[in-house]
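By convention here, the first residue in the shown sequence is residue 1. Not measured: the values here are computed from a predicted model. For the numbers below, each heavy atom of this structure counts, side chains included, while hydrogens, waters and symmetry mates do not.
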Amino acid sequence: MVFLVPYDGSRVAQAALDRAVEHGKALGEEVVAVSLVPTGSEYAERRKWIEPGDDFAAESARSTLERKIAEATDDSERVLTGSSASAPQDGVSDRIRQVANDVGASVLYVGTRNSEESTDPMTPFGPVSADGSYDVHLVRSV
């Protein structure tokens with residue numbers, strides 16, 4: 001089994017990573033954290049990675065996310081990073097589903113928050129889809 005965690009540095013993603021690592025250690029399963037670094041500055045501004053109008057250094061963001069993952073995991077976990085779309089609606093969710101298939105994920109751990117407008121869980125990567133070949137573990141505590 002492989003536990004996959006999409007990680008963008010947010011509090012909800014950190015909670016999902018912590019939970020996946022906890023469960024992975026308890027069950028002796030591999031944890032894979034994937035960070036998809038956006039190529040445009042608009043998404044980075046919304047995530048408050050940069051100030052409005054600043055240039056976005058994707059390599060710096062990638063290094064920061066890898067460091068945060070390393071702090072939360074040990075050598076038994078793998079980290080995958082790559083450049084990708086600039087916003088969830090531009091294909092980040094599709095890329096996460098592809099990575100899940102590539103690594104043979106059995107469980108996807110996703111941090112969520114409830115929106116005031118909806119009772120459906122919201123993730124930093126877009127809506128939760130039930131079309132994968134893996135279970136989805138929603139982590140709501142932060």
Side-chain angles (χ1 to χ4, degrees), residues 1-51 54-142:
M1 288 175 45
V2 173
F3 298 161
L4 179 65
V5 184
Y7 186 83
D8 69 348
S10 66
R11 289 181 28 210
V12 295
Q14 185 64 51
L17 181 59
D18 292 344
R19 187 72 49 82
V21 167
E22 176 185 332
H23 290 178
K25 285 180 182 178
L27 299 172
E29 302 298 343
E30 181 180 19
V31 175
V32 176
V34 61
S35 292
L36 302 173
V37 179
T39 55
S41 61
E42 180 184 320
Y43 183 72
E45 285 178 18
R46 284 198 315 268
R47 300 293 310 137
K48 298 188 179 172
W49 291 349
I50 61 173
E51 294 296 320
D54 287 352
D55 288 332
F56 178 58
E59 191 58 42
S60 176
R62 183 177 296 115
S63 296
T64 298
L65 291 172
E66 287 175 352
R67 179 185 48 78
K68 287 182 175 185
I69 291 168
E71 290 171 357
T73 62
D74 60 31
D75 293 335
S76 66
E77 286 83 30
R78 287 189 287 160
V79 178
L80 304 174
T81 59
S83 296
S84 187
S86 59
Q89 62 270 26
D90 293 336
V92 173
S93 296
D94 292 338
R95 180 70 178 112
I96 291 168
R97 279 191 286 281
Q98 180 61 51
V99 170
N101 289 330
D102 291 349
V103 302
S106 55
V107 181
L108 178 69
Y109 282 75
V110 182
T112 64
R113 63 187 178 284
N114 283 334
S115 168
E116 291 182 15
E117 302 88 41
S118 171
T119 58
D120 294 331
M122 300 296 297
T123 76
F125 308 100
V128 175
S129 173
D131 64 350
S133 59
Y134 43 80
D135 291 337
V136 177
H137 185 109
L138 300 177
V139 180
R140 295 175 193 240
S141 60
V142 179

Colleague: To the nearest 0.5 Å, what is the distance between CD on Glu22 and CZ on Arg19?
Modeller: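 The CD atom of Glu22 sits 6.0 Å away from the CZ atom of Arg19.
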
Colleague: Quick one: are Val34 and Val103 in side-chain contact, heavy atoms under 4.5 Å?
Modeller: no

Colleague: Kindly compute the distance separating NE2 (His137) from CG (Leu4), expressed to the nearest 0.5 Å.
Modeller: 13.5 Å

Colleague: So, for Leu17 and Ala33, which heavy atoms are closest and what is the spacing to 0.1 Å?
Modeller: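 Heavy atoms only, the tightest pair is CD1-CB, 4.1 Å.
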
Colleague: Would you check if the side chain of Ser106 reaches a backbone N or O of Tyr134 as a donor-acceptor pair within less than 3.5 Å?
Modeller: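 No; zero donor-acceptor contacts below 3.5 Å.
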
Colleague: For Ser133 versus Asn101, what's the shortest heavy-atom pair and its separation?
Modeller: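 Shortest heavy-atom separation between Ser133 and Asn101 comes out as OG-OD1, 3.6 Å.
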
Colleague: Kindly indicate, with the supporting measurements, whether the criterion side chain to side chain contact (heavy atoms under 4.5 Å, CB included) is fulfilled by Val31 and Tyr109.
Modeller: CA-CA 10 Å; Val31 175; Tyr109 282 75; over 6 Å; no

Colleague: List the atom of Ala13, the atom of Asp8, and the distance in Å for their closest heavy-atom pair.
Modeller: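 Heavy atoms only, the tightest pair is CB-OD1, 3.3 Å.
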
Colleague: Distance check, rounded to the nearest 0.5 Å: Phe3 atom CZ versus Asp135 atom CG?
Modeller: 9.5 Å

Colleague: Output, in order, the C-alpha distance, side-chain angles, deciding distance and verdict of side chain to side chain contact (heavy atoms under 4.5 Å, CB included) for Val110 and Ile96.
Modeller: CA-CA 11 Å; Val110 182; Ile96 291 168; over 6 Å; no

